[in-house]
Amino acid sequence: MKHSKVKTLLNSTKSNYEVTVKGWVRTFRNNQFIALNDGSTIHNLQCVVDFENTPEEILKRITTSAAVSITGNLVESKGAGQKYEIQVTKLEILGDSDAELYPIQLKNKPSLEFLREKAHLRVRTNAFSAIMRVRSVLSFAVHSYFQEKGFFYVNTPIITGSDAEGAGEMFKVTALPFDGTPRTEDGKVNYAADFFGKETNLTVSGQLEAETFAMALGQVYTFGPTFRAENSNTSRHLAEFWMIEPEVAFNDLNDNMDLAEDFIKYVIKFTVEKCADDLKFLEGRLLDEEKQKPQAERSEMTLLEKLNFVLQNDFKRVSYTEAIDILKDSTPNKKKKFQYPIEAWGADLQSEHERFLVEKHFKCPVILYDYPAKIKAFYMRLNTDTEPGKETVRAMDILFPGIGEIVGGSQREERFDVLVEKMKALGIDEQELWWYLDTRRFGSAVHSGFGLGFERLVLFVTGMTNIRDVIPFPRTPMNAEF
Ligand code: ATP
Ligand code: MN
């Protein structure tokens, strides 16, 4: 007989029929009650064992995380907490799990840090199975949004030959030996002898390639892994993370902000609707976690309140210049509480400043735009109406409570001469980006796009606080286990 999913059975509209389920034992109480989970839902299915007629050696093998196949009658449950349960008629142990050796002992309340080291098993816990289901639904929502809007999904290369993106430190890709590396006459590594005949890296962003596609397909998006060898070891940075990068021809910066806000709201709404049970569980988890904190540091809103708040309110749009004025006059700045005090226009905003603006000042998601040209990338469109020394570019960052930057984007510099000038000033090799410049040579047009770090979105939606807990197997400095 084909087995049923726990989720299907719990939503059953009838009872008193024979079913088979397969899954993993969460707990086994009183030699009688198995809480069975098969991953289809956060909820367990209670399976009641007829222990008097079950051999002792089978009962002993019903241990946490053992894989079992259970057949029995699905009946309405007399116990509190579940609508249905199975009265077991046949129980087969598919895979034993030695209770002494199983690394995750739930009664010891394992910490998130401990579970990170057991990433291959942590997904068998309620919290991580919920997070990973939410992550899956969120990624479906990403495709759903763009596909509904007529965007095309483009797979930009993971191994890239352009090193001018400037988004972060890169990982080299090479097939050259470490011993006896071929050298040029002046002693440098001879990449001409390498696999691709040139220096290559893992991509930090698919933007430049996506731009070329936007200039033909109109509206495109990437959704794939990106890599940054930044040794930052924060709770918001991974060395390998997934990025969503839409790029749209004929969109200016305002259109870009509208797109980003609409997109974020859509994927959150989609997930709130599809993952009600998991989010309710994660909301409870967050409440428990917050109880450990002093009252003043606790969040005023529950997880679902926070998500609904984002859905129901406009993101506050504020220029960089306005933000600097706010920060300069802020209490923490005057009281020298910022690690990096804000003294003058032109300062790069640190996460402490972003969090002040979002969490203390505006108390809602904030879109900062028109940043100083000096602190932003070469491809961002230069504003023409600025004072000398105070040049700004049409950049925008979206800042979220508890997360900081979730989106970074811009209107791209479409004017060939201005772009080349910029590249020269920054010492970026035109030869290297000949193909990128071609988009400005042939049929150039206004266009815009942004990058959204998928894990930062998952952090926000799940209410988790460390980015290592929202990706299956995190890659961070000194850590590439699994
Ligand atoms: P940050 O200042 O937080 O390091 P960034 O300015 O380097 O971000 P961008 O280069 O604009 O970020 O990348 C676009 C988006 O990718 C960011 O808004 C963020 O959501 C995400 N992101 C950037 N770096 C990382 C990382 N190391 N791990 C996870 N997500 C990241
Ligand atoms: Mn960064």
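Ligands are counted one by one from 1 in listed order, and the atoms in each one are counted from 1 as well.
Phe454 and Phe223 have perpendicular rings, their planes meeting at more than 60° on a 0 to 90° scale where under 30° would count as parallel. Ring orientation note: the planes of Phe378 and Tyr436 are nearly perpendicular, at an angle over 60° on the 30°/60° scale.
Polar contact check, Ile406 against ligand 1: a nitrogen or oxygen pair lies under 3.5 Å apart. Note: an N/O pair closer than 3.5 Å links Leu238 and ligand 1 by distance alone.
The heavy atom nearest to atom 29 (C) of ligand 1, out of those in Phe454, Phe241, Phe400, is found in Phe241. The nearest non-hydrogen atom to atom 16 (O) of ligand 1, considering only Met243, Glu354, Glu455, comes from Met243. When the options Glu169, Glu405, Glu245 are ranked by their closest heavy atom to atom 8 (O) of ligand 1, first place goes to Glu405.
The shell of residues lying under 4.0 angstrom from ligand 1, judged by heavy atoms, includes Ile467.
Counting only residues at least two apart or in different chains, salt bridge (charged side-chain N to carboxylate O under 4.0 Å, His left out) contacts with residues 455-466 comprise Arg135-Glu455.
Residue contact check: Arg236 has heavy atoms under 4.0 Å from atoms 3 (O), 28 (N), 29 (C) of ligand 1. Close approach of ligand 1 to Gly408 (heavy-atom distance below 4.0 Å) involves ligand atoms 11 (O), 18 (O).
Only the side chain of Arg228 comes within 4.0 Å of ligand 1, judged by heavy-atom distances. Within the 4.0 Å heavy-atom criterion, the part of Glu230 lying near ligand 1 is the side chain and not the backbone.
The only member of Leu138, Thr462, Val137 that meets side chain to side chain contact (heavy atoms under 4.5 Å, CB included) when paired with Cys275 is Val137.
Cation-pi geometry between Lys198 and Tyr191 is not met at under 6.0 angstrom from the ring centre and within 45 degrees of the axis.
When all heavy atoms of Lys334 and Asp329 are compared, the pair lying nearest together is NZ-O, 3.4 Å.
Qualifying side chain to side chain contact (heavy atoms under 4.5 Å, CB included) partners for Asp314, counting only residues two or more places apart in sequence or in other chains: Glu261, Lys265.
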